[in-house]
2 protein chains.
Amino acid sequence: MATSTVENYLKHILLLSAEGEELVPMGALAEALAVVPGTVTTMVKALADSGQVEHRPRQGVRLTAAGRRVALNVLRKHRLVECFLVNVLKMDWAAVDTEAEQLEHAISDEVLDRLDALLGHPETDPHGDPIPSRHGQLDSQVYATLATCVVEKALRIVRITDQSAEFLQFAVQNGLLPGETVRVTERNLASGLVTAKKITGRPLALGLAAAGKILVQPTR
Amino acid sequence: MATSTVENYLKHILLLSAEGEELVPMGALAEALAVVPGTVTTMVKALADSGQVEHRPRQGVRLTAAGRRVALNVLRKHRLVECFLVNVLKMDWAAVDTEAEQLEHAISDEVLDRLDALLGHPETDPHGDPIPSRHGQLDSQVYATLATCVVEKALRIVRITDQSAEFLQFAVQNGLLPGETVRVTERNLASGLVTAKKITGRPLALGLAAAGKILVQPTR
DNA sequence: AGATTTATTTTGACTATTCAAAATAACCGA
DNA sequence: TCGGTTATTTTGAATAGTCAAAATAAATCT
Ligand SMILES: [Mn+2]
Ligand SMILES: [Mn+2]
Ligand SMILES: [Mn+2]
Ligand SMILES: [Mn+2]
């Protein structure tokens, strides 16, 4: 029923509202969807009429329960498709987001379930992003990032939160992949510079913004 | 570039022009696409403007070389996706056409190539329909059907030319699948009745129209 | 408070795709 | 050759989604 435009709006509202409550500003949504703000206002009013979102004029949007259900299903498709593309078709880690952006609207729930089984019910996609369960549960654990973690401690990378091919390529080239172990050796808030080191490797310098996109966890 | 609407128009024109030359009547196209004839006239004129088809007013449409290239690529996607759904995901033979109808517009050429390799470069889809090659070659062999074949001779089913779930379910239930061997024991043009028999099985009666949808080949 | 900047909404217009219904052309039998 | 099907095209209108630019409200800064 929902067009792929509607699915994209709902998915991005979900993604931009980190956990549940918050109102997503219209401008942020416009930027995420690459449309002008006026377009978002128009569409959001339509989505509100169909009961998928709540629109607080001048403040932002938030998903209704119905809208959230749709959004989670689309997100589940997106991430499972990425798993399939990487694990089965051996596609480039950095390229699959673009592919999944289309496929998430084209696969049925039936295909979704079979893909899920084929892949062995994965819990995260290739970038470490959690896959919503078939019943709409989404892991919302908060992780430290290379910009906020303790210094001089070995940490496991769990997730890369930037889907752009450019950033992902940078990550691959420097071995910053989910599962790898790193240690921040230096962090200078003033200069905005973070230095990280993999167990076996030369020190790597990156800016605070980039460091903040790499989520880590204590190694157990 | 081409929207999925455009891709569907081109694909159906290809399908309706059996081999190359013939003009496809506007009405036939309208029926295949499940839109009213006026819509087809409008769209076909637009497709002609963009150089994908040639429109002979009051006579029909035909693909240009450019349009044919697009159509073959979509058809290749459709049929390879069907192979994937049946062979890898073990989906119902009768249901995959509907799924592929969407997926054919969502997968990239890159994914297409990898699927093709994963499947071992199949030559036909699960219904026996030939898969266009990566370079646009489409097998156009003409086969006999249960409505036209010689009587009392063992023949191998090579293809079922009706994508509807209804007909395909009927075919499965009676074991009329590509690869199976059948023999027409009786054919009465006047009554429009054909009786076929599998090696191991009771005689099966079907109408001429249905019989014409089952393509066969001499067993070698 | 008053002026300025910034975010959001409105307005008017455009593209793509579709339908209903009326107009027209082509074909066909008598 | 005329009148009646039948197929196709036209016309007018609708829906979904989008943009540019102007209007407005809210927030921020003297
Ligand atoms: Mn998408
Ligand atoms: Mn991802
Ligand atoms: Mn299609
Ligand atoms: Mn098929």
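The chains referred to below are lettered A, B, ... by the order of the sequence lines, with proteins before strands, and numbering in each begins at 1. Side-chain atoms are counted along with the backbone in the values below, which use heavy atoms only and exclude waters and symmetry mates.
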Query raised in the report: So with a 6.0 Å cut-off around CD of B/Q59, is the heavy-atom count from everything else above 12?
Result: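 Counting neighbours around CD of B/Q59, more than 12 heavy atoms of other residues, nucleotides or ligands fall under 6.0 Å, so yes.
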Query - Neighbour count >12 (heavy atoms, 6.0 Å) for atom CD, A/E31 - result: no
Query raised in the report: At their closest point, which heavy atom of B/V24 faces which heavy atom of B/I13, and how far apart are they?
Result: CG2-O, 3.7 Å
Report task. Kindly state each residue pair satisfying salt bridge (charged side-chain N to carboxylate O under 4.0 Å, His left out) with at least one member in residues 37-60 of chain A, sequence neighbours excluded. Result ->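 Of all non-adjacent pairs touching residues 37-60 of chain A, those that pass salt bridge (charged side-chain N to carboxylate O under 4.0 Å, His left out) are A/E54-A/R56, A/E54-A/R62.
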Query - salt bridge (charged side-chain N to carboxylate O under 4.0 Å, His left out) contacts in which one or both residues fall within residues 1-15 of chain B, not counting sequence neighbours - result: B/K11-B/E101, B/K11-B/E104
**Report entry** Nucleotide-resolved protein contact map, nucleotides 13-19 of chain C, B/S/- at heavy-atom distance under 4.0 Å
**Finding:** ----SBB
Query raised in the report: How many angstroms lie between atom OG1 of A/T124 and atom CD of A/E82, to the nearest 0.5 angstrom?
Result: 10.5 Å
Name every donor-acceptor pair, under 3.5 Å, that has one atom in a side chain of residues 160-173 of chain B and the other anywhere in the protein, sequence neighbours excluded.
| residue | atom | partner | partner atom | Å |
| --- | --- | --- | --- | --- |
| B/T161 | OG1 | B/K213 | O | 3.3 |
| B/D162 | OD1 | B/S164 | N | 2.8 |
| B/D162 | OD1 | B/S164 | OG | 3.0 |
| B/D162 | OD2 | B/K213 | NZ | 2.8 |
| B/Q163 | NE2 | B/D129 | OD2 | 3.2 |
| B/S164 | OG | B/F167 | N | 3.2 |

Report task. With sequence neighbours excluded, tell me which residues meet salt bridge (charged side-chain N to carboxylate O under 4.0 Å, His left out) with A/D109. Result -> A/K77
Requested in this report: Figure out the CE/P separation between B/M26 and C/dA25, and round it to whole Å.
Outcome: 16 Å
Query raised in the report: Mind checking which nucleotides bracket the chain B contacts on DNA chain D, 5' to 3', with an atom under 4.0 Å from a heavy atom?
Result: D/dA7 to D/dT10
